[in-house]
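Hydrogens, waters and symmetry mates are skipped; everything else that's a heavy atom, side chains included, is used. Heads up: numbering here begins at 1 and tracks the sequence.
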Amino acid sequence: MTEVKNYSGQLVFGLDIGTRSVVGTVGYRNNNRFYAVAQRVKEHETRAMLDGQIHDIRKVGETVRQVKEELERAIGRSLTDACIAAAGRVLRTVNVTADTEFGYDKEITQEDMYALTTLGVEKAYEMFQNENDTDMRFYCVGHSVIHYYINHYPISNPEGHKAKILSAEMIATFLPDDVVDGLNKAVELAGLNVVNMTLEPIAAIQVAIPEMYRMLNIALVDVGAGTSDISITKDGSIIAFGMLPMAGDALTETIAKHCLVDFATAEQIKKDAGLMKEISYKDIMGLQQSITKEELLQVLEPVIQTMAVGVADRIKELNGGKSVSAVFVVGGGGKMEGYTSHLAEELGIQNERVAVRGSEVLQQVEFLEDNVVKDSLLVTPIGICLSFYEQSNNFIFVDFNGQRIKLYDNNMLAVVDAAMQAEFAKEGLFPKRGKELNFTVNGKARIVRGQLGEAAVIRVNGEEADIHTPVHGGDRIEVIPSTAGEAAAMELGALNEFGDVIRVTVNDKKIDLPKFARVNGQLQSGYYDIRDHDVIEMLNYYTVKQIADFMDVMVDHRINMYVNHQLADMDTYVYENFTVSWAMKGTDADTWLTAQERAAMAAIERNRLPEPIKDAWLPEPVEDAWLPEKEEEPEEEGKEEETGSKDETPGQYGIQGNKSFQGSKEAAAPITVTVNGRPVAMDGKGSYVFVDVFDYIDFDLSKPQGARVVTKRNGQISRYMGQVENGDVLEVYWED
């Protein structure tokens with residue numbers, strides 16, 4: 001090795017591992033100029049690569065090693081790190097928008113922009129994985145920001161501006177795992193570490209289309225040996241990448257078949273065609289042959305036409321279905337005569353706007369070695385070196401539960417990233433909940449979560465860690481999966497609704513009744529264990545019998561039951577704020593209820609009244625025996641007789657207080673009452689009871705509109721045979 005040399009910048013080693021050759025470049029950047037210290041090219045001895053993908057890793061690794069050693073001798077230093085670029089037949093791109101919300105006006109820094117692009121790459125990877133319909137695993141090998149936004153307004157460079165929301169519209173590019181692995185392995189066999197990986201069209205555009213030209217809608221086509229790599233600029237950004245698995249090797253194969261020579265000889269004939277008018281060669285029979293340039297171009301014309309059509313179609317596809325304004329062509333395959341004119345024709349633009357670019361785009365590059373010709377072959381190798389300064393996206397290797405894992409290093413890697421790359425179940429990192437419990441309460445869905453289990457046990461290099469612990473190359477990560485907790489369980493009595501009460505008045509005493517619940521149609525106690533998919537109905541009523549049972553009261557046929565002062569039975573529903581009373585038949589508490597009233601109440605409970613509701617409906621004149629039997633009471637002086645004669649008309653019966661009476665015969669006295677907000681004039685009787693109202697209103701009891709009829713007089717519940725007087729306000733309605 002020669003003596004150590006000093007340079008004014010950090011040396012960067014770029015490797016362009018192409019289908020036909022390996023180009024190594026060592027240089028440094030200083031004051032916006034790149035200085036290429038040394039450059040070496042070595043062709044593959046065999047076709048160890050096809051269409052940009054390595055087929056023989058060891059042979060490619062050996063070629064890389066030879067290039068590396070030649071450069072080490074030239075610069076007087078050992079080379080340990082290398083930047084590479086990837087190509088391949090299966091290239092996928094994803095467009096994504098990433099946002100960062102700060103919550104306040106924050107001055108944007110380079111760190112904020114870097115974090116945003118990292119977020120965008122991760123989001124693009126997740127989107128790509130969701131759409132990946134193949135069995136292949138992919139890696140992100142490059143990304144580019146199309147537009148930045150602050151507070152949703154576009155801006156070319158957010159750094160230094162204040163914003164609450166920073167956004168970026170990005171494009172990320174993915175290649176299959178085997179393409180990336182092959183490149184990394186070949187470089188490792190040469191004794192090098194990959195410190196940066198980019199995509200070949202990204203590398204080429206770093207040199208070929210400076211930022212000042214990216215306002216224009218321009219396509220860059222890097223025609224190599226196995227692939228034609230495409231990138232497109234517009235409005236100051238790189239908006240698309242593409243790749244076509246057809247390039248210079250297609251020309252070489254055509255020459256080999258026509259001239260009957262091996263691939264290497266055909267490659268030399270292709271190169272000589274650019275320098276001489278007639279090319280001499282030996283065919284596989286050992287015979288000396290020659291072919292003119294014109295004849296060779298005629299043979300290659302169909303292939304050149306096919307290449308141009310394929311690239312033009314791909315450019316239009318990437319550019320939204322339309323042509324671009326101009327095309328820059330780099331790479332050896334694009335130098336074949338006739339290629340640019342065919343491409344211009346297919347794109348429908350002037351021939352002068354499709355051109356091979358070499359020295360024109362290498363103005364900011366200075367080669368320190370003598371006799372270096374600046375042509376299109378050098379654009380991509382220089383771009384690979386420059387990509388090192390634009391983005392750091394190297395790969396590292398870690399050990400995850402005994403498995404060697406390769407990670408795309410964004411300088412923010414953590415245990416969780418390694419776990420995802422190792423396809424470790426996400427659920428294994430976080431405490432698992434036991435099975436949840438799903439049921440409904442009064443028609444509304446409820447979920448009770450299961451208990452949390454134990455969290456995963458994580459160690460990095462033997463030290464206790466968590467999912468956010470940073471990881472670095474060579475780290476040893478051990479993860480013991482989390483466990484599941486107990487399944488959800490809940491008793492019926494634990495429901496909030498179960499703790500409510502129904503408040504009613506029983507015999508003038510306030511009573512709080514605990515609510516019942518019906519589960520799947522069956523009454524259950526508060527100790528019932530709720531099961532999955534149970535249908536629970538919290539009942540907001542009691543029956544009269546349930547109230548009696550709750551109060552430990554024995555009821556039988558000798559007792560009359562009343563709900564809201566209306567005769568009831570044991571199955572009558574009792575709701576919040578209802579009144580309930582009961583008394584022995586014939587007792588003082590029950591003497592006010594006449595046989596006539598009992599008949600009316602029974603009819604109402606059946607949701608109808610006998611037809612017609614007229615005086616004729618009332619019973620014939622009653623005997624004394626019709627009234628409840630009572631013990632004789634001593635007469636009080638001056639007390640008027642409360643019971644009229646037996647021959648008085650039925651319409652004059654009424655109730656007053658808790659005593660039955662037979663009203664005296666009176667002359668008709670018309671009255672006016674308000675019924676359900678409307679005035680009603682009643683006449684023809686000396687006195688009126690509530691049931692008389694039904695003669696004057698449209699209220700069809702034969703067609704029930706609810707569970708029961710409610711009757712109110714002056715805001716209070718009224719008995720059906722209750723007295724009605726002039727000016728009273730009456731209400732009659734159905735209640736559920």
(request) Side-chain contact test, heavy atoms from C-beta onward, threshold under 4.5 Å: evaluate it for Thr543 versus Met570 and give yes or no. (result) no

(request) Answer yes or no: is there an ion pair linking Asp728 with Arg713, defined by an N-O contact shorter than 4.0 Å? (result) yes

(message) Would the distance check show the side chain of Asp532 and the main-chain N or O of Asn438 forming a donor-acceptor pair, the cut-off being under 3.5 Å?
(response) yes

(request) Return the set of residues passing side chain to side chain donor-acceptor pair (under 3.5 Å) with Ser581 (not counting sequence neighbours), or none when no residue passes. (result) none

(message) How long is the straight-line distance from CD1 of Ile458 back to CD1 of Ile467, given to the nearest 0.5 Å?
(response) 6.5 Å

(request) Would you indicate whether the side-chain heavy atoms of Phe439 and Val535 approach each other to under 4.5 Å? (result) no

(message) Between Thr711 (side chain only) and Ser718 (backbone N and O only), is there a donor and an acceptor less than 3.5 Å apart?
(response) yes

(message) Just by distance, no angles: are the side chains of Tyr528 and Asp534 close enough, under 3.5 Å, to form a donor-acceptor pair?
(response) yes

(message) Give me the atom names and distance for the closest heavy-atom approach of Ala445 to Thr440.
(response) CA-CG2, 4.1 Å

(message) For the backbone of Leu166 and the side chain of Asp99, can you confirm whether one donor and one acceptor N or O come within less than 3.5 Å of each other?
(response) no

(message) Please determine whether a side-chain nitrogen of the Lys or Arg among Asp571 and Lys545 lies less than 4.0 Å from a carboxylate oxygen of the Asp or Glu.
(response) no

(request) Using modelled atom types only, decide if a donor and an acceptor are shared between the side chain of Glu576 and the backbone of Arg503 within a distance under 3.5 Å. (result) yes

(request) First locate atom CD1 of Ile165, then atom OG1 of Thr100, and finally report the distance between them rounded to the nearest 0.5 Å. (result) 10.0 Å

(message) Which residues pass the side chain to side chain donor-acceptor pair (under 3.5 Å) test with Thr109, not counting sequence neighbours?
(response) Asp112

(message) Is any side-chain heavy atom of Asn401 closer than 4.5 Å to one of Phe424?
(response) yes

(message) A quick test of your reading: do over 12 heavy atoms of other residues, nucleotides or ligands sit less than 6.0 Å from CG of Asp512?
(response) yes

(request) Check the angle between the aromatic planes of Phe174 and Phe128 and answer parallel, tilted or perpendicular using the 30° and 60° thresholds. (result) parallel

(request) To the nearest 0.5 angstrom, please state how far the NE2 atom of His533 sits from the CG atom of Leu437. (result) 9.0 Å

(request) Evaluate whether atom NZ of Lys435 has more than 12 neighbouring non-hydrogen atoms of other residues, nucleotides or ligands under 6.0 angstrom away. (result) no

(message) Looking at Arg449 and Glu436, would you say the former's side chain and the latter's main chain have a donor-acceptor pair under 3.5 Å?
(response) no

(message) For the residue pair Tyr688 / Gln723, report whether a side-chain donor-acceptor contact shorter than 3.5 Å exists.
(response) no

(message) Quick check for you: to the nearest 0.5 Å, what is the distance between Phe102 atom CZ and Asn151 atom CG?
(response) 10.0 Å

(request) Kindly give the heavy-atom pair with the smallest separation between Ile717 and Asn564, and that separation in Å. (result) CG2-O, 3.1 Å

(message) Please check if the number of heavy atoms outside Glu101 that lie under 6.0 Å from its CD is greater than 12.
(response) no

(message) For Glu454, is the CD atom crowded, meaning more than 12 foreign heavy atoms sit under 6.0 Å from it?
(response) no

(message) Check this for me, if you would: do Lys162 and Glu107 make a salt bridge, where the nitrogen-to-carboxylate-oxygen distance has to be below 4.0 angstrom?
(response) no

(request) Specify whether Phe694 and Phe699 have parallel, tilted or perpendicular ring planes, treating 30° as the upper limit for parallel and 60° as the lower limit for perpendicular. (result) perpendicular

(request) Indicate yes or no: at least one non-hydrogen side-chain atom of Tyr562 is less than 4.5 angstrom from one of Thr579. (result) no

(request) Keeping the roles fixed (side chain from Asp683, backbone from Ala669), state whether a donor-acceptor pair exists under 3.5 Å. (result) no

(request) Count the heavy atoms belonging to other residues, nucleotides or ligands that lie under 6.0 Å from CE of Met682, then report whether that count exceeds 12. (result) yes

(message) Tell me whether Glu491 at atom CD has more than 12 heavy atoms from other residues, nucleotides or ligands lying less than 6.0 Å away.
(response) yes

(request) Examine distances only and state if a side-chain atom of Asn726 and a backbone atom of Thr672 form a donor-acceptor pair shorter than 3.5 Å. (result) yes

(request) Check whether any side-chain heavy atom of Met113 sits under 4.5 Å from a side-chain heavy atom of Tyr148, and report yes or no. (result) yes

(request) Nearest 0.5 Å please: distance from the CZ atom of Arg678 over to the CG atom of Asp698. (result) 9.5 Å

(message) Within this structure, what is the CD-NE2 distance for the pair Gln716 and His565, rounded to the nearest 0.5 Å?
(response) 8.0 Å

(request) Of all the heavy-atom pairs spanning Leu495 and Ile536, show the shortest one and how long it is. (result) CD1-CD1, 4.2 Å

(message) I'd like to check the side chain to side chain donor-acceptor pair (under 3.5 Å) partners of Tyr573; sequence neighbours left out, ordered by chain and number.
(response) none

(message) If you define the side chain from C-beta out and look only at heavy atoms, does anything of Val563 sit under 4.5 Å from Val544?
(response) yes

(message) Is the distance from the ring center of Tyr575 to that of Phe578 below 6.0 Å?
(response) yes

(message) Whether the side chain of Lys123 engages the backbone of Thr97 through a donor-acceptor N/O pair (distance < 3.5 Å, no angle test) should be reported.
(response) yes

